[in-house]
Q: 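Got a structure for you, written out below as structure tokens; questions coming shortly.
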Amino acid sequence: MRVAIIGAGPAGLFVGSALALRGHEVVAVDRDSRPPPGHWARPGVMQFHHAHGFRPQVGLALKREWPQALDAWLAAGAEPIEFDVPGMGLVRAGHRSRRDTFERALRTAAERVPGLTIGKGHVDDVVSSAGRVRGIVVDGSPVAADLVVDASGRSGHSVDALRAPASLGGPCGMAYVDRQYRLLEGAEPGPMSNPLAWQGDFDGYQVLVFLHEQGHFSVVLVRPTADAALKDLRHRAAFEAACRAIPGLAAWTDPERAVPVTDVLPGGPLRNTYRGQRGRDGRPCIPGLVSVGDAVATTTPIFGRGVATTFVQALQLLSLLDGEPDPALVGEPFDAWCGDNMLPWVADHVEMDRDVVRRWEGGDVDLTRRLPSDLILAAARRDPRIGPATGGYFSMLELPACLDPVEPLARAVYETGWRPEFTPGPTRGELRDVVAGALRKDERTASRA
Ligand SMILES: Cc1cc2nc3c(=O)[nH]c(=O)nc-3n(C[C@H](O)[C@H](O)[C@H](O)COP(=O)(O)OP(=O)(O)OC[C@H]3O[C@@H](n4cnc5c(N)ncnc54)[C@H](O)[C@@H]3O)c2cc1C
């Protein structure tokens with residue numbers, strides 16, 4: 001089978017390599033350049049240099065389908081970690097790695113896969129005839145294929161003329177900014193909530209620290225998009241002042257402990273989106289075309305799910321292609337599987353993130369509807385019967401509905417008037433003052449110079 005893949009990000013490289021290793025003839029096309037020795041600019045993926053954590057599904061999928069890429073990732077420094085999950089004991093918790101380290105390893109390994117060609121170019125369109133997709137158009141030139149895989153991520157538009165728009169989600173009301181640091185030689189990490197990250201839930205905003213490989217870590221500040229004043233966190237002086245003012249971050253970013261290795265990286269609004277395989281013409285799928293990865297399901301990074309959902313989808317797509325001689329027929333069963341297994345995660349994030357933003361703006365826990373998952377998880381601190389049910393949710397080995405049986409227990413906790421405590425640190429109003437003060441000081445210093 002001849003396969004053309006739009007995009008050579010994690011989805012495109014993984015699916016492309018696995019299909020080529022099965023003996024198919026695969027061409028993957030990406031508008032971004034291959035990794036150079038130094039800084040890899042990646043304008044096609046806005047989150048490329050931002051914080052990433054990698055769930056165990058990622059390493060397990062690589063081990064199963066493409067062990068050479070896992071070896072390359074480990075050789076590049078990725079650190080496997082373990083996690084004590086309530087009710088499940090010690091389980092694999094994924095890998096500490098920067099996204100750059102991960103994708104460089106994948107790309108390098110992919111370039112050695114026989115039968116896979118990775119080209120640079122812009123996929124402008126797909127070629128169709130007799131109701132079936134038959135290839136892609138790269139910078140004006142057609143490339144014929146029996147199957148086109150759309151692995152173009154959340155911002156790809158090359159199949160928009162054929163594919164129905166997203167059926168769920170959109171911007172979730174949160175925006176973020178982050179920066180990468182590295183621990184100094186011999187320095188211990190700062191506070192951790194689990195082996196992958198530290199999470200601080202403050203009055204009106206959230207802070208995450210993702211630990212990557214070899215002492216690298218990212219500091220992420222998440223705020224309501226509507227809080228325009230906190231947009232100024234993108235300025236270095238403001239970001240550094242905020243880090244000093246938030247006790248957990250002050251510990252992580254103490255110059256005695258760590259040095260920044262990037263400037264402040266403005267992120268922008270976060271999204272949760274689900275887009276199935278349905279055609280614009282109402283057909284349940286577009287024969288000859290299948291979308292995978294972020295092109296199907298995108299969730300906010302708070303739980304670090306995106307690459308895991310991408311690879312789990314890819315495994316399912318590969319297994320359907322293994323059993324179906326006509327690739328035009330996989331779209332419909334893949335769509336049904338994604339509807340059952342991916343859509344619930346997006347729907348869970350849509351509900352949860354919307355409610356987090358509402359509570360950041362002063363709203364109380366809403367007991368008139370099902371509690372969002374984060375509140376069920378938080379209530380486990382008060383009722384120990386809830387904890388054992390949360391392992392499947394945290395590990396993504398079960399769907400979010402696994403929390404349904406303990407939702408009434410969590411509800412009973414909130415009905416007593418108990419509320420999760422904020423992490424000690426400034427409120428959002430106080431953080432705005434810190435940011436404004438830092439910028440004023442910075443301007444005064446600049447005008448004196
Ligand atoms: C801020 C942020 C933080 C995140 N943190 C995590 C995390 O901690 N853990 C996690 O697992 N996930 C995380 N994610 C999600 C993760 O980044 C995505 O799930 C992942 O990038 C999906 O891979 P993909 O290959 O589907 O898409 P992408 O990585 O977006 O790759 C798509 C590729 O297609 C190319 N492309 C698009 N259109 C065209 C075209 N017309 N022609 C040629 N090429 C094209 C692009 O250049 C790009 O290379 C995060 C996301 C964000 C936004």
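Since the model is a prediction, treat every value here as computed from it, not as a measurement. Remember, it's 1-based here, ligands and their atoms both numbered in the order they're listed.
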Q: Identify all side-chain donor-acceptor contacts of residues 162-170 below 3.5 Å with residues at least two apart in sequence or on another chain.
A:
{"residue": "Arg163", "atom": "NE", "partner": "Gly276", "partner atom": "O", "Å": "3.2"}
{"residue": "Arg163", "atom": "NE", "partner": "Ser291", "partner atom": "OG", "Å": "3.3"}
{"residue": "Arg163", "atom": "NH1", "partner": "Asp150", "partner atom": "OD2", "Å": "3.2"}
{"residue": "Arg163", "atom": "NH1", "partner": "Ser291", "partner atom": "OG", "Å": "3.3"}
{"residue": "Arg163", "atom": "NH1", "partner": "Ala295", "partner atom": "O", "Å": "3.2"}
{"residue": "Arg163", "atom": "NH2", "partner": "Arg275", "partner atom": "O", "Å": "2.9"}
{"residue": "Arg163", "atom": "NH2", "partner": "Gly276", "partner atom": "O", "Å": "3.3"}
{"residue": "Arg163", "atom": "NH2", "partner": "Ala295", "partner atom": "O", "Å": "2.6"}

Q: Please confirm whether Gly267 approaches ligand 1 to less than 4.0 Å, judged on its heavy atoms.
A: no

Q: Quick check on contacts: which atoms of ligand 1 are under 4.0 angstrom from a heavy atom of Gly293?
A: 26 (O)

Q: For the CZ atom on Arg154, are there more than 12 heavy atoms of other groups (residues, nucleotides or ligands in this structure) within a distance under 6.0 Å?
A: yes

Q: Out of Thr310, Val137, Val29, Asp30, indicate the one that has the non-hydrogen atom closest to atom 46 (C) of ligand 1.
A: Asp30

Q: Number the atoms of ligand 1 from 1 as they appear, then name those within less than 4.0 Å of a heavy atom of Gly306, with their elements.
A: 10 (C), 11 (O), 12 (N), 15 (C), 19 (O)

Q: Pick whichever of Ile302, Thr298, Asp294 has a heavy atom sitting closest to atom 19 (O) of ligand 1.
A: Asp294

Q: What protein heavy atom is closest to atom 51 (C) of ligand 1, reported as residue, atom name and distance in Å?
A: Arg154 NH2, 3.4 Å

Q: Taking the minimum heavy-atom distance to atom 20 (C) of ligand 1, which of His49, Arg42, Arg99, Gln313 ranks first?
A: Arg99

Q: List ligand 1 atoms under 4.0 Å from His122, heavy atoms only on the residue side.
A: 41 (N), 42 (N)

Q: Among all the protein's non-hydrogen atoms, which is closest to atom 23 (O) of ligand 1, and how far away is it?
A: Pro10 CD, 3.6 Å

Q: Ignoring angles and geometry beyond distance, decide whether Val292 reaches within less than 3.5 Å of ligand 1 through its nitrogen or oxygen atoms.
A: no

Q: By number and element, which atoms of ligand 1 are closer than 4.0 Å to a non-hydrogen atom of Arg305?
A: 11 (O)

Q: State whether the number of non-hydrogen atoms from other residues, nucleotides or ligands found under 6.0 Å of Glu25 atom CD is greater than 12.
A: no

Q: Between Glu213 and Arg98 (side chain of the first, backbone of the second, donor and acceptor by atom type, cut-off under 3.5 Å), is there such a pair?
A: yes

Q: Heavy-atom contact under 4.0 Å between Phe48 and ligand 1?
A: no

Q: Find all atoms of ligand 1 within a distance of less than 4.0 Å from any non-hydrogen atom belonging to Gly304, and give their numbers and elements.
A: 7 (C), 8 (O), 9 (N), 10 (C), 11 (O)

Q: Pick, from Arg107, Gln47, Met46, the option with the minimum heavy-atom distance to atom 52 (C) of ligand 1.
A: Gln47

Q: Would you check if there is a donor-acceptor pair between the side chains of Tyr393 and Asp348 at a distance under 3.5 Å?
A: yes

Q: How close does the nearest protein non-hydrogen atom get to atom 44 (N) of ligand 1, and which residue and atom is it?
A: Arg31 N, 3.1 Å

Q: Quick check on the 6.0 Å ring-centre criterion: do Phe102 and Trp73 meet it?
A: yes

Q: Cut-off 3.5 Å, side chains only: do Arg271 and Thr298 have a donor facing an acceptor?
A: no

Q: How far does CG of Asp322 sit from CG of Leu19, to the nearest 0.5 angstrom?
A: 8.0 Å

Q: Does Tyr176 approach ligand 1 within less than 4.0 angstrom via side chain, backbone, both or neither, non-hydrogen atoms only?
A: side chain

Q: Checking a contact table here: which protein heavy atom is nearest atom 40 (C) of ligand 1, and how many Å away?
A: Val123 N, 3.8 Å

Q: Which residue holds the protein heavy atom closest to atom 30 (O) of ligand 1, what is that atom called, and what is the gap in Å?
A: Gly153 CA, 3.5 Å

Q: Taking distance alone, no hydrogens or angles, what donor-acceptor pairs closer than 3.5 Å link side-chain atoms of residues 174-181 to residues at least two apart or in another chain?
A:
{"residue": "Asp178", "atom": "OD1", "partner": "His50", "partner atom": "ND1", "Å": "2.6"}
{"residue": "Asp178", "atom": "OD2", "partner": "His50", "partner atom": "ND1", "Å": "3.3"}
{"residue": "Asp178", "atom": "OD2", "partner": "Ala51", "partner atom": "N", "Å": "2.9"}
{"residue": "Arg179", "atom": "NE", "partner": "Thr262", "partner atom": "O", "Å": "2.9"}
{"residue": "Arg179", "atom": "NH1", "partner": "Glu240", "partner atom": "OE2", "Å": "2.8"}
{"residue": "Gln180", "atom": "NE2", "partner": "His49", "partner atom": "O", "Å": "3.4"}

Q: If you apply the rule ring pair (Phe, Tyr, Trp, His ring centres under 6.0 Å), what do you find for Trp40 with Phe48, and how did you get there?
A: CA-CA 9 Å; Trp40 190 8; Phe48 186 75; 5.1 Å; yes

Q: May I ask which of His50, Gln57, His52 has a heavy atom nearer to atom 50 (C) of ligand 1 than the others do?
A: His52

Q: Considering the heavy atoms of Ala151, write down every atom of ligand 1 situated less than 4.0 Å from one of them.
A: 32 (C), 33 (C), 34 (O)

Q: Atom 5 (N) of ligand 1: which protein heavy atom is closest, and how many Å away?
A: Ala51 O, 3.1 Å

Q: At what distance is the nearest protein heavy atom to atom 34 (O) of ligand 1, and which residue and atom is it?
A: Gly7 CA, 3.3 Å

Q: Please name the residue in the list Arg42, His122, Lys120 that meets the side-chain contact (heavy atoms from CB on, under 4.5 Å) test with Asp30.
A: Arg42

Q: In terms of side-chain geometry, is the basic nitrogen of Asp281 or Arg283 positioned less than 4.0 Å from the acidic oxygen of its partner?
A: yes

Q: Judged by non-hydrogen atoms, does Ser155 sit under 4.0 Å from ligand 1?
A: no

Q: Check each atom of ligand 1 against the heavy atoms of Gly53 and keep those under 4.0 Å away; list them by number with element.
A: 7 (C), 8 (O), 9 (N), 10 (C), 11 (O)

Q: Can you report which non-hydrogen protein atom sits closest to atom 11 (O) of ligand 1, along with the distance?
A: Val307 N, 2.7 Å

Q: Please check if the number of heavy atoms outside Arg112 that lie under 6.0 Å from its CZ is greater than 12.
A: no

Q: Does Arg99 pair with Glu103 as a salt bridge, N-O distance under 4.0 Å?
A: yes

Q: If you compare all heavy atoms of Glu65 against all heavy atoms of Leu21, which two are closest, and at what distance to 0.1 Å?
A: O-CD1, 3.7 Å

